[in-house]
Amino acid sequence: MQNYLDYLYNELIIIFKNKFNHLVSESEVVLTPCKKEFEGDFTLILFPWLKIFNKSPDEIGEEIGSSLIQSGSITSFNLIKGFLNLTLPDSFWHNNFQKLIESNLESRICIAQPEKFLIEYCSPNTNKPLHLGHIRNILIGWSVYRILKAIGHTVNTTQVINDRGIAICKSMLAWKLFAKGATPESTSTKGDHFVGNFYVLFEEKFKEEYKAWQSSVEGEFIFKELKKIDESESDFFKRYKNEYFNKDSQLGRLSKELLLKWESNDEETRILWNTMNQWVYKGFDATFQKLKVNFDSYYFESQTYLLGKDIIQDGLNHDVFIKDSDGSVWIDLTDIGLDRKIVLRSDGTSVYITQDLGTIAERHKRYQADHYIYVVADEQDYHFKVLTETLKKLKLQYSNGIHHLNYGMVELPTGRMKSREGTVVDADDLIQEVIQAASVNAQERGELSMLTIDERDKVIFDIGMSALKYFILKVQAKKKMIFNPEDSVDMQGHTGPYIVNAFVRIKSIIRKFNSSIVKNNSAEVNNSEKQLLLSCMEYSKILQDSGKQLDPSLLANYLYQLAKDFHKYYSEYRILNAESDSLINWRINISKLVGDHLEHGMYCLGIEMPSRM
RNA sequence: GGUUCCGUAGCUCAGCUGGAUAGAGCAUCUGCCUUCUAAGCAGAGGGUCUCAGGUUCGAAUCCUGACGGAAUCACCA
């Protein structure tokens, strides 16, 4: 939709020219929605012009106001200090209302120049189930996908799965040693949890082994030999843990053997690896389904970890990289304030960034996208800076399209989640809890008694998920967030169910209105309706801003405000028993308009709304 | 130590491309359901926008500095 105030801007520009003999551009004219405490629809700020025209705010305001009245574009104005409050005629609101209900919502929000995006989000490891951090990642990624798509871009989603490496070998080893052939089926355990349990078991067994070793002759000898002056035994062994794993540990040796076997394609190892990963994927899929997200493509590190070496060679040929005497390859980024960074190990194997260089090249071949968005926590800011700068030095065209959507880490009221301390919030548990809370609330209300059990479960599920998803998405993506599990199941106030409730009220009204809705716009427009219309008129801008900033929280907060305005309207005015038929129709039309926007907006957050609750 | 990010009500967060008396929710207290779904509405209390300078007609917002907190600075991913 075109800017609905364009005509007012144009008129003001003409007034500035004719009355004050001054040429201004639209961007210099500051016109904002009027604050609620004052009378008026929009406010023109006069301060910038005082000096230029050498007149008082009252003089300027009076002149502008009366000119606008004369031309009929406003019906009245008032002046408070340097603020000129303008009241527009009802025809302004009627016209915009007409445009809103006649145009199609989907086409109204589209941008002029669509581009092509690829979004990578989620990106889990296969040795542990998904947790709260993944949930934030997934919800942000999915919502950004929906928003970009809604405004007309071509968007694909993908994820990288870290399915190889020492971690999964630990799970495999623990399974081989202790599982006695158990499977997710035989133990009725969700696959990702099943494998995760063996990872935890490995860590426990390793800890026991390490503990025993510490008091052995060898352990005591190492402690005496290698400890720093004044270092306590516990400090030393904390520090030595990694080295113990690599040098002395039986379990460490066995898991590294497994890794080598994996890398040399040992059949038995590969079969076990594949079996366990399949268990995990099945578990992940169940969680993705509950979250209602999906991926257009998957990249597995087992297939990509060897990529990128040709790019390294190419970079060496063009002197972008430097080879050290030991054979390791580096990039020097000190000229732009970063460090020297390794891109290939001395033994010729890849590091993290090598794979990333290769993976982007592959993706670009496949997608030819303008933008590659990586939804990854902000702890990796440095890595992505290095990656982008490296691509730039390689003069690869897609280097300008790399966006690190760096959301902040999720913390609990007690501090950071730590797997060692068992404070990690499991994704499935969390979903379970929020649905449970929705169920308890629904039972107390008893509104759903006429539904079948399946229908009721679906509604409860949607309400619970709306609470969880909204709770996370309302916080600005880039900010770290404190996640209080108790607050996350709240269904009152600034929450998902509050917005759902507004929608449900609208749906209920429409259900109860038997005759067909007539589009009419003869009614007098009250302030609540102006507010609702204005919000709907600004929807496309909000959505486009959210897309531009890759930040769903903008949209989330807008939707809350819209729902709040509707709840207020609902309590102030009777809709179905308004004084006249035409007034009933007008109010239903407004309500339906709001409902459509709420539904579309929540859809863009990845939240499905039931029509009853 | 270098770099980056953050600091707004008791708590969780909006507001940050500069505009009027800084807003919500939670929590505390008070009203409103025989009338469209009370997961709602109306109201009360709660603030040195970390601090100090600067730019400006105007600063929570922009700039500089200090203080406090976080992340990162691996031949890990």
Side-chain angles (χ1 to χ4, degrees), chain A residues 30 32 34-35 37-38 43 45-48 50-51 57 80-83 85 123 125 160 162 164-167 242 301 305 324 326-330 337-339 341-347 349-353 355-356 377-383 385-386 406 408-409 411 413 416 438 441-442 444-445 447 463 467 471 474-476 478-484 486-488 490-502 504-513 553-554 556-557 560-561 563-564 566-578 584 587-588 591 612-613:
Chain A
V30 185
T32 60
C34 189
K35 286 197 118 188
E37 310 87 274
F38 302 97
T43 301
I45 291 161
L46 302 173
F47 296 107
L50 307 185
K51 250 187 193 166
I80 298 168
K81 290 189 266 178
F83 299 92
N85 298 322
S123 306
N125 299 334
V160 169
N162 180 15
R164 61 168 279 277
I166 193 71
N242 245 347
E301 281 203 9
Y305 82 110
D324 262 14
D326 66 354
S328 58
V329 181
W330 299 74
L338 303 174
D339 303 290
K341 188 87 189 167
I342 193 159
V343 293
L344 203 64
R345 291 197 191 103
S346 50
D347 63 4
T349 56
S350 303
V351 289
Y352 186 30
I353 199 161
Q355 292 180 48
D356 265 359
D378 64 6
E379 60 184 346
Q380 292 198 39
D381 281 357
Y382 184 73
H383 169 74
K385 251 183 218 165
V386 170
N406 55 342
M409 306 285 281
E411 286 181 16
R416 238 185 125 162
N441 274 293
E444 283 168 9
R445 285 161 53 82
E447 286 281 347
I463 294 169
F471 186 76
K474 74 176 174 183
V475 180
Q476 228 181 81
K478 64 174 254 188
K479 284 199 176 178
K480 102 177 174 197
M481 74 174 286
I482 312 277
F483 185 94
N484 187 340
E486 283 169 36
D487 294 349
S488 72
D490 270 354
M491 313 251 157
Q492 265 105 37
H494 189 180
T495 65
Y498 175 95
I499 298 170
V500 175
N501 188 217
V504 163
R505 282 177 149 182
I506 292 166
K507 280 290 177 196
S508 172
I509 287 169
I510 293 171
R511 265 200 307 272
K512 286 189 172 147
F513 184 68
S553 75
L554 236 68
N557 285 295
Y560 171 67
Q561 189 60 50
K564 195 172 157 71
F566 182 79
H567 277 306
K568 188 180 166 71
Y569 181 57
Y570 182 90
S571 65
E572 273 177 346
Y573 298 95
R574 305 264 91 197
I575 294 167
L576 289 176
N577 1 335
I584 291 172
R587 288 182 184 168
I588 286 184
S591 303
R612 297 171 197 272
M613 70 194 292

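Lettering of chains follows the sequences in order, A, B, ..., and the numbering in each one begins at 1. When reading the values below, keep in mind they use all heavy atoms of this one structure, side chains included, and skip hydrogens, waters and symmetry mates. Bear in mind the structure is a predicted one, so any value in this text is a computation, not a measurement.
Comparing the C1' positions of A59(B) and A22(B) gives a spacing of 12 Å, expressed to the nearest Å. Taking the C1' atoms as reference points, A20(B) lies 16 Å from U61(B), given to the whole Å. When the C1' atom is compared between G45(B) and A27(B), the two are found 12 Å apart, to the nearest whole Å. Only the C1' atoms considered, G18(B) is 30 Å distant from C11(B), to the nearest whole Å. Going from the C1' atom of G53(B) to that of A14(B) covers 28 Å, rounded to whole Å. Remark: the separation of the C1' atoms in C33(B) and G25(B) is 23 Å, to the nearest Å. Annotation: C6(B) and C16(B) have their C1' atoms spaced 13 Å apart (nearest Å). Using P as the reference atom, A66(B) and U4(B) are 14 Å apart when rounded to the nearest Å.
Ring orientation note: the planes of Y352(A) and H383(A) are close to parallel, at an angle under 30° on the 30°/60° scale.
Remark: R345(A) is in phosphate contact with A77(B), judged by side-chain N or O atoms under 4.0 Å from OP1 or OP2. An OP1 or OP2 oxygen of C6(B) is reached within less than 4.0 angstrom by a side-chain nitrogen or oxygen of K478(A). Contact between the side-chain N/O atoms of S508(A) and the OP1/OP2 oxygens of U37(B) is found at a separation under 4.0 Å. A close approach under 4.0 Å does not occur between any side-chain nitrogen or oxygen of Y498(A) and OP1 or OP2 of A38(B). An OP1 or OP2 oxygen of C36(B) is reached within less than 4.0 angstrom by no side-chain nitrogen or oxygen of R587(A). Phosphate contact (OP1/OP2 of A77(B), side-chain N/O of R164(A), threshold under 4.0 Å): absent.
Considering only the side chain of K51(A), C57(B) comes nearest among A77(B), C57(B), C36(B). Comparing U37(B), C36(B), C75(B) by their nearest atom to the side chain of W330(A) picks out C75(B).
Proximity of T43(A) to V30(A): side-chain heavy atoms (C-beta onward) are nowhere separated by under 4.5 Å. Contact of the R587(A) side chain with the Y573(A) side chain is registered, since non-hydrogen atoms from C-beta on lie closer than 4.5 Å.
Protein atom CD of E447(A) is 12 Å distant from nucleotide atom C1' of C36(B), rounded to whole Å. As a whole-Å value, the separation of I353(A) CD1 from C73(B) C1' is 14 Å. In this structure, E444(A) atom CD and U37(B) atom C1' are separated by 16 Å, rounded to whole Å. As a whole-Å value, the separation of E379(A) CD from A71(B) C1' is 8 Å. A74(B) atom C1' lies 17 Å from atom CD1 of I166(A), rounded to whole Å. To the nearest angstrom, P of C6(B) lies 18 Å from CZ of R416(A). In this structure, H383(A) places its NE2 atom 16 Å from C1' of A71(B), rounding to the nearest Å. Atoms NZ (K385(A)) and C1' (G2(B)) sit 12 Å apart, rounded to a whole Å.
With Y305(A) as the aromatic partner, R164(A) meets the cation-pi criteria of under 6.0 angstrom to the ring centre and within 45 degrees of the ring axis.
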*Base-pair map of RNA chain B as dot-bracket, where | denotes pairing with a different strand and pairs are Watson-Crick or G-U under 3.5 Å*: (((((((..((((.....[...)))).(((((.......))))).....(((((..]....))))))))))))....

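Around CD of E486(A), the count of heavy atoms belonging to other residues, nucleotides or ligands within 6.0 Å does not exceed 12. Annotation: N242(A), atom CG; neighbour count of heavy atoms from other residues, nucleotides and ligands within 6.0 Å does not exceed 12.
Counting non-hydrogen atoms under 4.0 angstrom, R505(A) reaches the backbone sugars and phosphates but no base.
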_Protein-to-nucleotide contact annotation, 5' to 3' order, nucleotides 12-26 of chain B [B base; S sugar-phosphate only; - none; under 4.0 Å, heavy atom]_ = SSSSB--BBS--SSS

*asked:* Between D339(A) and Y382(A), does the side chain to side chain contact (heavy atoms under 4.5 Å, CB included) criterion hold? Intermediate values first, please.
replied: CA-CA 10 Å; D339(A) 303 290; Y382(A) 184 73; 2.4 Å; yes

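Base orientation of C33(B): syn, the glycosidic angle falling within 90° of 0.
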Between the protein and nucleotides 61-63 of chain B, which nitrogen or oxygen pairs are less than 3.5 angstrom apart?
none

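In terms of position on RNA chain B, the residue among Y573(A) and Y352(A) whose nearest nucleotide sits closer to the 5' end is Y573(A).
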